[in-house]
Amino acid sequence: MKRRNIILTSISILLLLVFIFVADSSFDAYKVRILNLCAIYTVLGLSMNLINGFTGLFSLGHAGFMAVGAYTTALLTMSAATKQQNFFLAPILPPLDRLNAPFLVALLVGGLLSAFVALLIGAPVLRLKGDYLAIATLGFSEIIRIVFTNTQRITNGALGLKAIPSTTNLWWSYGAAAFTVVIMALLISSSYGKAFKAIREDEIAAESMGINLFKHKVLSFVIGAFFAGVGGGLLGSLMGTIDPQMFKFAFTFNILLIIVLGGMGSITGTVIAAFIISSAGELLRFLDQSINLGFVVIPGISGLRMVVFSALLMVVVLFFRNGLMGTNEFSWDKVIGLLQRRPLIKRRLGQ
Amino acid sequence: MLKINDLVVSYGKVEALKGISLEVEEGKIVTLIGANGAGKSTTLKSIVGLAKPQSGTITYNGKNLLLEDTKNMVRSGITLVPEGRRVFPNLTVLENLKIGAYCRKDAKAIKDDLEWVYSLFPKLKDRSWQQAGTLSGGEQQMLAVGRALMSRPKLLMMDEPSLGLAPLIVKELFNIIKEIHKQGMTILLIEQNAFAALKIADIAYVLETGNITLKGTGQELLTNEEVKKAYLGESTHA
């Protein structure tokens with residue numbers, strides 16, 4: 001039983017590697033970009049699902065964490081000459097102009113800085129619950145955006161950063177996604193994961209079991225922010241340009257859509273939904289153009305595809321509260337059980 | 001084991017406890033009965049540090065419990081079965097029980113205790129893969145007790161375990177409480193269901209609007225006329 005699963009997992013990993021290799025060498029830039037986005041949204045979705053889905057903290061500050069990670073990574077990877085070109089209104093603050101680091105280090109520093117910011121705001125904010133926490137974290141993310149717009153000499157203000165070295169490729173983004181999935185899976189199955197879920201289910205009961213609420217909430221918040229920072233860094237490097245407008249609330253909403261659609265509290269669901277949402281964003285582009293139905297021509301309305309997402313969210317919230325996966329996870333046993341059409345419960349009892 | 005001395009707790013201007021003293025001896029079932037608003041839950045809250053007393057002392061094995069943090073209670077051996085069950089509804093029965101052992105690191109002993117809880121509550125074993133929210137009220141209460149037992153408490157405190165359960169289930173539950181006690185657990189039981197609680201109690205206290213008005217063995221109070229009149233719903237025989 002166990003060995004079969006290991007073999008199946010190895011085969012899938014091998015297939016994924018082959019696929020990335022083929023995609024990397026022969027797919028056109030458009031498709032590669034979509035595939036990159038899928039992986040980056042997986043990282044971002046998982047980081048938000050840890051906070052909102054597994055620990056049950058209704059946090060809407062994700063765009064802020066991504067901004068911190070994206071700006072840090074960008075500033076650390078850009079060359080001195082590029083920085084000088086970017087900062088033409090006001091010169092960049094001294095130590096930053098020569099600061100440079102390899103991409104991996106820059107990503108990690110971006111993640112750590114984002115985690116540090118989460119620690120700072122988490123300490124006061126995580127004493128709040130429910131809607132109040134949502135409002136406070138939303139406010140935080142807007143504050144980050146406004147601070148970034150006004151610190152001309154650090155972030156280049158509203159002009160944003162351009163010509164960020166595009167290091168992100170399929171290997172980087174899928175490497176990061178795989179790393180995030182593994183870390184999340186390990187974390188969730190550890191005793192920390194149990195405590196997170198207990199807090200989500202019932203804080204009073206969790207506390208009466210001796211779980212330190214505050215410590216675990218901050219921990220979940222900080223780890224989530226770390227991965228949000230890494231995801232932001234990857235995204236900045238993929239786009240090649242970032243500016244504060246990018247990190248508006250709508251960005252947080254996109255990630256929220258992924259975790260709600262995939263299932264709050266499911267790693268598998270988040271991965272699936274990240275792929276669906278980021279590829280659908282491109283596949284539905286035809287909706288923005290004028291549509292010829294033969295007898296009538298509907299003029300193009302840009303942004304119409306976003307309506308699909310809004311409608312999708314409403315349908316999910318109304319009829320599929322648990323999303324695609326609920327709190328279930330993928331396992332080979334379940335897939336094979338499904339193929340053999342034997343109810344899971346029977347195998348558990350009777351083997 | 002646990003000693004409360006002259007405890008006064010007030011919420012704003014309202015005094016919920018007006019100086020109560022009680023003692024829980026090791027290996028005994030002590031029950032605290034009283035009507036709504038008598039101060040039963042406040043007593044429990046003060047023990048675990050959720051309510052801050054104005055004056056008085058609570059000592060546990062000679063240690064001042066008032067200085068202890070709520071989150072360290074379980075580690076020092078006091079576990080509360082909270083009022084209204086409060087199981088984790090979307091987690092399986094097994095996960096619920098495992099979270100009960102959250103503060104322990106001894107994997108083997110935890111496994112033994114899991115078997116022990118399953119032997120006390122065979123129904124939980126049958127339903128170990130079921131989500132706790134899908135259990136019946138009685139089963140949820142048993143899960144709540146089982147979950148508390150998984151932390152290997154020295155003192156088990158229960159806040160109205162009979163709340164909202166059918167009489168037959170209450171009887172079953174109290175039999176199990178008795179069984180747990182027989183195996184050496186000290187229990188502080190807080191109940192409105194005076195009859196059920198008094199029947200299994202070694203020592204019982206009656207709490208009335210913030211004062212302890214009666215103390216005695218369970219049997220004594222069961223036959224006490226005042227208690228009969230006020231809590232057991234029997235008219236006094238003239």
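We name chains A, B, ... by the order of the sequence lines, and we start the count at 1 in each one.
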Checklist entry - What do the steps show when you test B:Leu91 against A:Arg200 for side chain to side chain contact (heavy atoms under 4.5 Å, CB included), and what is the final call? => result CA-CA 10 Å; B:Leu91 303 184; A:Arg200 171 189 72 195; 3.8 Å; yes
Next on the checklist: Looking at every non-hydrogen atom in both residues, tell me the closest pair between A:Ala198 and B:Phe88 and how far apart they are.
Outcome noted: O-CE2, 3.4 Å
Next on the checklist: Other residues, nucleotides and ligands only: do more than 12 of their heavy atoms fall within 6.0 Å of NZ on B:Lys182?
Outcome noted: no
Checklist entry - Are any side-chain N or O atoms of B:Glu95 and backbone N or O atoms of A:Lys194, one a donor and one an acceptor, separated by less than 3.5 Å? => result no
Item to check | Atom CZ of A:Phe214: over 12 foreign heavy atoms under 6.0 Å | outcome: yes
Item to check | Within 6.0 Å of CG in A:Leu186, more than 12 heavy atoms from elsewhere | outcome: yes
Item to check | Region of B:Pro89 that comes under 4.5 Å of a non-hydrogen atom in chain A | outcome: both
Checklist entry - Side chains of B:Glu83 and A:Ile204: closer than 4.5 Å at any heavy-atom pair? => result no
Item to check | B:Asp69 and A:Asn212: CA distance, side-chain angles, deciding distance, side chain to side chain contact (heavy atoms under 4.5 Å, CB included) verdict | outcome: CA-CA 10 Å; B:Asp69 243 0; A:Asn212 186 341; over 6 Å; no
Checklist entry - Within a radius of less than 6.0 Å around CD of B:Glu179, do more than 12 heavy atoms belonging to other residues, nucleotides or ligands occur? => result yes
Next on the checklist: Using a 6.0 Å cut-off, check whether atom CZ of A:Phe116 has over 12 heavy atoms from anything other than its own residue.
Outcome noted: no
Checklist entry - Closest approach of B:Tyr102 and A:Ala195, non-hydrogen atoms and distance? => result CE1-CB, 3.7 Å
Next on the checklist: With a 6.0 Å cut-off (strictly less than), is the heavy-atom count around OH of A:Tyr192, excluding the residue itself, greater than 12?
Outcome noted: no
Checklist entry - Got a second to check how far B:Arg86's CZ is from A:Met209's CE, nearest 0.5 Å? => result 11.5 Å
Next on the checklist: If you compare all heavy atoms of A:Ser208 against all heavy atoms of B:Val74, which two are closest, and at what distance to 0.1 Å?
Outcome noted: O-CG2, 3.3 Å
Next on the checklist: Tell me whether B:Tyr11 at atom OH has more than 12 heavy atoms from other residues, nucleotides or ligands lying less than 6.0 Å away.
Outcome noted: yes
Item to check | Side chain, backbone, both or neither of B:Arg147 within contact of chain A (heavy atoms, under 4.5 Å) | outcome: both
